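Naming: A, B, ... by sequence-line order, numbering from 1 per chain. This one's a predicted model, so the numbers in the text were calculated from it and none came from an experiment.
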Amino acid sequence: MALNIILLVIIAIIMVLLDLPGLLKIEKKNKIKVLISYFLLLLTGFTLGLLLILEREPVSPTVIIERMLNLILGIGL
Amino acid sequence: MMLDLGKNSLKNISLRSASLIILVFFSLTGCWDNKDVTEINLITAVGVDKTTDGRVEVTFEIPRPSLTRTGQAGAGGGENSREKAVSLVSSKGDTAFIAVRSMVEKLAKDIFPSKMELLLIGEDLARAGLQEVFDLMERDPESNMTAKVLLVKGAPVKQVMEAESEQEKIPSLHLVKSITVNQDTFGSSKEARVIDILREVALPGKDPLIPVVEILEEKENLKVKNILVSGSAAFRGDKLVGYLTATETRGWLLAENKIKASVYSLPSPNDETKNISFEMYCENGQKKVEFIEGKPKLVIKIKATGDIGESQEPTDLTQPQMLKKLENKIKQIITEEVNSALNSAQKYHSDIFGFGDIIHRKNPQEWQKIKDNWPEIFSKAPTEITVEVKLKRSGYTRKGVEPL
Amino acid sequence: MMTNVKISGYQLALLIMGFLFGSTAVLNPTAMAGQDAWLAYILAWVGGFMLIWLYVRIALINPSLTLVEILKVTFGKYLGTVIALLYIWYFLHLAALVLRDFGEHMNVTVFYRTPMTFIISCFALLIAYCLRKGLEVTGRAAEILMPYLFIFVIIIFFLLIPEYDTNNLFPFLEKGLTPVIQVAFGVLTFPFGETVTFLMIFPALYSPGQLKKVSFAAFGVMGFIILGIIVRDLLSLGPDLLTRLVFPPSLSTELTPELQLEPLISVNFLLGGWVKITVCLYAALVGIAQLLGLNDYKHLVLPLVLLAVGLAMWLYEDLFKMMDWTANVYPYYAFPLQFGIPLLILLVAKIRKLA
Amino acid sequence: MFSWLKRKYKFLKTMAQANQQKNEQPQAEKIPQSFPELRAKLQQVFAECGDFKTREILVGDEHYRLIIAWMDNLASNQILHESLIRPLLEPQAFCQFLEDKEEDLAVFLKNNVLIAAELKEVTDFNQTVEFILCGESVIYIEGSSTALAAATRGWETRTVTEPETETVVRGPREGFVEDLAVNCALLRRKIKNPNLKMEMMKIGRQTKTTVCVCYLKGIADPALVQEAKTRLQKINIDAVLESGYLEEMIEDAPLSFFPTVGNSEKPDVVAAKILEGRVGIFCDGTPFVLTVPYLFLETLQASEDYYTRAISSSLLRTVRIICFYVSILLPGLYVAFLNFHQSVLPLNFLLTIAASRESIPFSPFTEALFMGITFEILQEAGIRMPRPIGQSVSIVGALVIGEASVRAGLVSDPMVIITALTAISTFILPPLQRVLPFFRFGFTIAANILGLLGIFFFLIALVIHLCTLRSFGIPYLAPLAPLSLSDIKDTFVRFPLWTMLTRPRDLTWPETGQAAKYRAGAEQLLSKMRKKEDR
């Protein structure tokens with residue numbers, strides 16, 4: 001498990017290192033937007049991976065979708 | 001331009017070296033499913049049997065590659081030839097799966113059943129039901145669905161597997177090849193693959209028929225020539241219910257249109273002590289079910305052509321009356337064979353001809369009515385067998401030589 | 001940047017074909033219809049033509065606009081953004097679903113011990129590389145790689161001819177038409193309806209006049225090939241085995257004489273899945289970039305791919321859950337997105353035209 | 001890591017700026033009219049140049065003084081003697097001039113006295129120096145700011161022989177030589193057309209190598225020619241000793257494994273490429289002529305394909321394509337099938353392989369790597385060794401690698417067969433010979449991790465890489481991707497010549513969609529690069 005976490009962190013760091021030169025070269029107008037969305041996505045992915053490794057993942061969206069459909073359509077799924 | 005070049009190069013070099021390092025890293029550590037051919041036991045045949053205490057016994061035939069290598073009568077050949085090219089390992093377990101896995105206790109290398117060519121089934125197991133074995137075969141992605149199936153009659157499976165072959169280094173390959181050739185040119189045995197049996201077991205209106213192997217003479221050093229692949233075993237669902245003789249098997253093959261050529265002999269019309277043999281081809285067999293007042297009637301139509309293969313007396317066999325006579329006699333023999341096969345099937349309540357399947361496909365409404373007690377209906381259904389025979393050629397001669 | 005990307009009609013056709021082939025040819029969604037699988041499939045195929053007609057109409061009414069922009073135009077800024085987010089989630093979900101299918105298939109057939117995360121990550125790495133290079137390169141690579149897929153399909157089809165038994169097509173409609181239509185509905189949503197993704201890609205077509213011809217031709221050709229695959233599996237395995245198996249083609253290819261060509265199925269899955277996931281993630285990326293008003297999506301590739309891998313692992317606990325969900329829940333979940341909203345867009349456009 | 005990159009970037013930027021300053025042309029300089037001054041100046045420029053020769057002559061009843069300057073061995077002594085010195089010393093030569101005295105002496109000499117084939121009037125001293133260095137003789141006239149440069153070039157050149165890199169069974173056997181003039185003549189002899197343009201330029205701050213851009217006007221796309229010239233003009237290096245220097249400077253993707261600039265040693269090949277609308281770049285001092293754009297499929301084409309009948313050359317094409325796949329995939333496939341997909345192989349085959357591998361202590365992967373590296377070493381040794389020793393290398397290779405390692409049980413028989421097959425396949429594709437080993441190793445490693453799946457992962461990545469490449473704006477895999485049906489006649493098979501009526505659309509039809517589209521892509525790329533540069 002510890003190894004997996006280390007691997008995940010390394011992957012995230014490599015990603016940032018690969019992208020950063022490109023990210024810093026964007027024109028001023030969009031820079032903040034791109035940086036925020038980039039790190040937001042990365043953080044989501046990273047947290048998800050971390051939770052999966054720790055086996056503490058939240059309820060899967062498929063289950064939520066199933067429940068919602070049940071609620072709306074009332075089909076016996 | 002130059003500036004750009006330099007910058008790109010740096011980025012690319014770091015990217016490339018990083019990916020290279022990752023690749024090398026994984027090639028040294030990863031490779032979870034990487035197993036060399038020398039680290040696996042190829043399995044050519046599997047025998048499954050039931051022990052007296054109700055457990056499953058699985059036997060593997062494992063060839064030793066260096067001894068099976070053809071065309072290498074080299075330095076060590078003479079010495080090695082005394083060694084058997086295959087080794088047999090068996091193991092017992094509550095289920096076939098456990099028995100297979102516990103085999104590892106006795107083996108140095110992992111098992112690899114993908115290339116198994118033959119599946120031998122013991123009589124006791126067949127009587128209890130094959131479902132388990134075939135389920136395992138279907139589930140396991142490493143199994144070979146085109147392996148041939150053989151039922152061992154009246155002997156432990158292991159004993160048959162111990163038989164050595166003089167023609168093939170691997171005995172099971174000898175058996176496999178002989179089954180195929182037999183079905184094509186003689187017809188005393190049929191070919192059944194795992195996938196065929198799987199389909200037939202599941203079909204409601206068709207029961208499997210599996211070729212049978214038995215030991216002819218008990219010997220110390222059993223050879224394949226001492227065991228005989230002949231006849232077949234009829235099943236109901238996945239359970240063994242009875243045996244068909246060699247001629248009955250041929251009758252079944254004729255009706256199923258699966259035979260390419262077979263040989264018949266009959267006493268000569270001129271001289272009862274002498275025989276004439278025929279080779280029959282192109283049998284065109286058809287099965288139909290006719291409903292008469294809601295009751296099914298089983299109809300088999302066979303068309304056959306043939307050559308005169310051999311005559312023990314020198315009559316001119318090509319005269320029209322003579323031919324007619326001969327054709328009639330062959331017709332009788334074939335009808336008799338098919339009839340006895342059908343009778344046995346009805347006796348065992350085993351629809352090996354797949355008449356139920358024909359009803360199911362052609363007439364699904366009718367099938368819904370009768371499917372629950374189909375075995376009963378099948379066993380009591382009237383039958384009709386029509387055979388047409390035409391002799392076409394007589395080889396190089398019209399008439400045998402007359403010895404003085 | 002995005003508006004400048006141009007692909008030729010042939011490339012778009014190949015992308016649609018690869019997308020349709022995707023995981024369909026391996027999962028065989030028609031299997032539940034037994035001997036009537038072909039009928040269910042053809043019904044869905046016809047329905048698929050109607051769907052693609054709908055999408056093409058929408059694209060022709062709004063040339064050079066992607067789905068996200070169309071939504072904003074049609075439903076206004078706020079509602080449009082919400083629906084666009086829904087679509088972006090759907091594309092991402094689809095990509096994750098195919099990734100997971102791929103991983104499961106590999107785990108079941110050849111790579112029993114290789115961790116699924118590793119297989120999926122390798123695949124995702126490849127797709128990230130592809131996305132970084134852009135859609136034009138993807139189209140060109142498809143021109144080189146898709147022929148392999150067709151060749152493999154044809155090889156397997158002809159090698160299996162000795163195994164075909166036409167009896168497996170009967171009895172025709174044994175259980176009536178209802179189950180067939182149910183299966184057909186499932187097949188309509190997977191794979192045909194999923195081409196709604198291409199509404200994000202249609203504006204990239206070099207000559208928009210070709211759009212209708214190209215997409216219909218792609219549907220025709222790939223539809224025919226998938227029909228061939230379904231008939232192949234049905235004829236060689238029989239209805240009973242077909243309904244029982246998880247990955248029917250993997251077993252049917254084992255029946256080829258002498259060789260067991262199962263790896264070719266995996267490779268086909270790889271090629272089709274590569275196109276499908278790339279297109280899905282491309283659509284999601286372009287959608288995000290357009291919502292944020294960026295002119296280049298390439299910076300977001302790596303984090304989104306990481307997210308897709310995470311999603312692939314997160315969505316389902318196991319194979320059983322996944323199969324159950326894709327069969328019973330997925331059609332109802334996807335259909336509104338594939339048919340409802342596009343129809344609404346078209347209606348709104350018509351009404352506006354009248355007014 | 002990032003800061004390191006940034007520092008490098010800054011360093012390169014300043015370097016580039018410095019280079020730009022250095023590159024500025026030296027100012028024109030007048031030729032001194034007084035001879036002592038001139039002599040001093042020449043001595044200063046050519047100080048310690050042992051091969052620099054001058055001669056002073058008094059002509060026209062010893063009224064006028066001339067200096068003839070030339071480089072020994074570059075200028076032919078015979079031409080110098082016959083066409084310059086002898087006419088100058090002819091007593092009657094100056095009669096007319098002495099009578100009129102109206103004409104300028106330089107003009108008079110040029111028109112009436114000297115019999116050299118080419119005579120140029122030069123007023124710039126630096127230019128005269130350049131002429132001298134090129135092998136021409138310069139005549140300085142006292143009291144005049146005009147000098148005369150006479151073409152007296154004449155040095156030893158290799159005779160035209162059959163090139164060793166591209167041998168043919170059928171087809172012309174002549175090959176280019178090191179001399180630019182001879183090379184241009186060889187090409188001109190193939191294409192007798194005034195539209196064959198040859199534009200000369202000098203590249204290399206120190207070497208001043210003559211480079212010739214060669215194209216057929218009317219067929220070659222003007223934008224392509226312009227692009228080639230621009231890229232050549234931008235080159236700013238000290239020396240161009242071989243066309244490889246130019247190649248590296250004008251390549252689209254300098255770090256890709258694949259060549260995007262072609263080269264050939266045969267006039268007929270270059271002529272054919274120029275006739276298709278490509279641009280040839282000749283470089284003085286090397287028999288290798290560059291052709292751009294260079295597309296992937298050209299690596300599979302050979303000149304002989306067009307000289308033999310279509311059917312047989314189509315077969316050879318197919319063989320070459322198979323060889324391409326064999327040489328990159330075979331070891332990888334071997335590893336994949338033996339380690340992952342054993343079930344694909346027939347039983348007997350599997351048993352045979354297993355038998356031969358039974359006593360081998362290494363995995364197929366290790367074997368493949370070991371044999372691959374060994375082969376590379378042997379190949380390199382075979383090329384670098386002097387010929388007589390080369391033979392012993394091959395004996396050692398065959399014996400040690402083939403025979404002994406199998407005997408010793410280090411390498412299995414099938415692996416030897418596979419190495420041999422891959423090696424032979426590599427030799428069939430000379431342009432890619434140095435490239436293929438990388439991919440062979442790559443595929444082997446990928447196969448060892450994920451079997452066939454790994455191979456296809458790698459293959460897709462490779463195809464994507466190939467698709468990103470462009471050579472002078474034209475996609476590297478054209479006409480396959482993007483597909484151009486009219487050009488596909490000359491790819492996997494060669495159609496008969498009478499079916500190939502159109503020139504390659506990618507290269508020559510700028511008005512039709514395809515090429516225009518590519519150019520749009522290329523321009524976009526360029527403008528992006530420029531923007532980056534500006535910043």
Side-chain angles (χ1 to χ4, degrees), chain B residues 1-16 18-20 22-44 63-72 85 109 112-117 141-144 168-170 172-173 176, chain D residues 1 4-5 8-9 11-13 15-17 19 230-231 234-237 249-251 253-256 335 337-348 350-360 362-365 369 442 444-451 458 461 526 529-530 532-533:
Chain B
M1 190 90 193
M2 240 184 97
L3 180 74
D4 225 75
L5 209 138
K7 193 187 64 215
N8 269 340
S9 69
L10 286 170
K11 201 171 154 195
N12 279 346
I13 286 172
S14 64
L15 231 168
R16 213 157 276 172
S19 54
L20 200 78
I22 291 170
L23 264 179
V24 172
F25 172 71
F26 279 122
S27 73
L28 292 176
T29 58
C31 334
W32 298 269
D33 283 297
N34 186 337
K35 47 187 186 214
D36 192 2
V37 260
T38 54
E39 284 157 21
I40 50 173
N41 281 313
L42 285 167
I43 288 162
T44 45
R64 296 162 65 185
S66 56
L67 299 181
T68 56
R69 201 173 177 186
T70 44
Q72 196 174 6
K109 301 183 263 184
F112 183 73
S114 266
K115 283 286 142 192
M116 79 185 241
E117 298 276 328
E142 277 195 331
S143 66
N144 181 5
E168 290 277 343
K169 295 235 168 99
I170 303 169
S172 58
L173 289 188
V176 167
Chain D
M1 190 169 123
W4 175 74
L5 267 172
K8 277 279 170 197
Y9 178 78
F11 172 71
L12 279 170
K13 206 169 175 176
M15 274 286 285
Q17 277 165 357
N19 279 341
T230 320
R231 286 194 195 181
K234 273 190 184 167
I235 295 177
N236 183 13
I237 49 174
M249 300 304 283
I250 62 172
E251 264 177 322
L255 278 163
S256 168
V335 171
F337 280 126
L338 241 56
N339 282 13
F340 289 87
H341 309 283
Q342 296 95 342
S343 59
V344 175
L345 307 169
L347 178 66
N348 279 332
L350 208 54
L351 281 173
T352 314
I353 299 263
S356 63
R357 287 198 39 78
E358 215 162 39
S359 56
I360 311 291
F362 305 113
S363 72
F365 172 66
L369 277 191
T444 317
I445 293 171
N448 195 43
I449 302 169
L450 276 176
F458 200 88
L526 273 176
M529 282 156 96
R530 261 178 228 129
K532 265 185 206 162
E533 230 161 291

K.L.:
D/Leu347 vs B/Leu173, test: side chain to side chain contact (heavy atoms under 4.5 Å, CB included). Steps then yes/no.
P.N.:
CA-CA 10 Å; D/Leu347 178 66; B/Leu173 289 188; 4.0 Å; yes
K.L.:
For B/Glu117, is it the side chain, the backbone, both, or neither that has a heavy atom closer than 4.5 Å to a heavy atom of chain D?
P.N.:
side chain
K.L.:
Side chain, backbone, both or neither: which part of D/Ile360 has an atom under 4.5 Å from a heavy atom of chain B?
P.N.:
neither
K.L.:
Distance-only, no hydrogens or angles: does the B/Lys115 side chain make a donor-acceptor pair with backbone N or O of D/Ser343 under 3.5 Å?
P.N.:
yes
K.L.:
Which distance, rounded to the nearest 0.5 Å, do you find between the CD of D/Glu358 and the CZ of B/Arg64?
P.N.:
8.0 Å
K.L.:
With sequence neighbours left out, what residues match B/Glu168 under side-chain hydrogen bond (donor to acceptor under 3.5 Å, both in side chains)?
P.N.:
B/Lys177
K.L.:
Looking only at atom types and distance, does a side-chain atom of D/Gln342 sit under 3.5 Å from a main-chain N or O of B/Leu42, one as donor and one as acceptor?
P.N.:
no
K.L.:
For D/Phe362 versus B/Asp36, what's the shortest heavy-atom pair and its separation?
P.N.:
O-OD2, 4.3 Å
K.L.:
Measure from the side-chain N and O atoms of B/Asn34 to the backbone N and O of D/Asn448, and report whether any donor-acceptor pair falls under 3.5 Å.
P.N.:
yes
K.L.:
Would you give the length of the straight line joining atom OG1 of B/Thr44 to atom CG of D/Leu351, rounded to the nearest 0.5 angstrom?
P.N.:
8.0 Å
K.L.:
Measuring from atom CD1 of D/Ile353 to atom OG1 of B/Thr38, what distance do you get when rounded to the nearest 0.5 angstrom?
P.N.:
11.5 Å
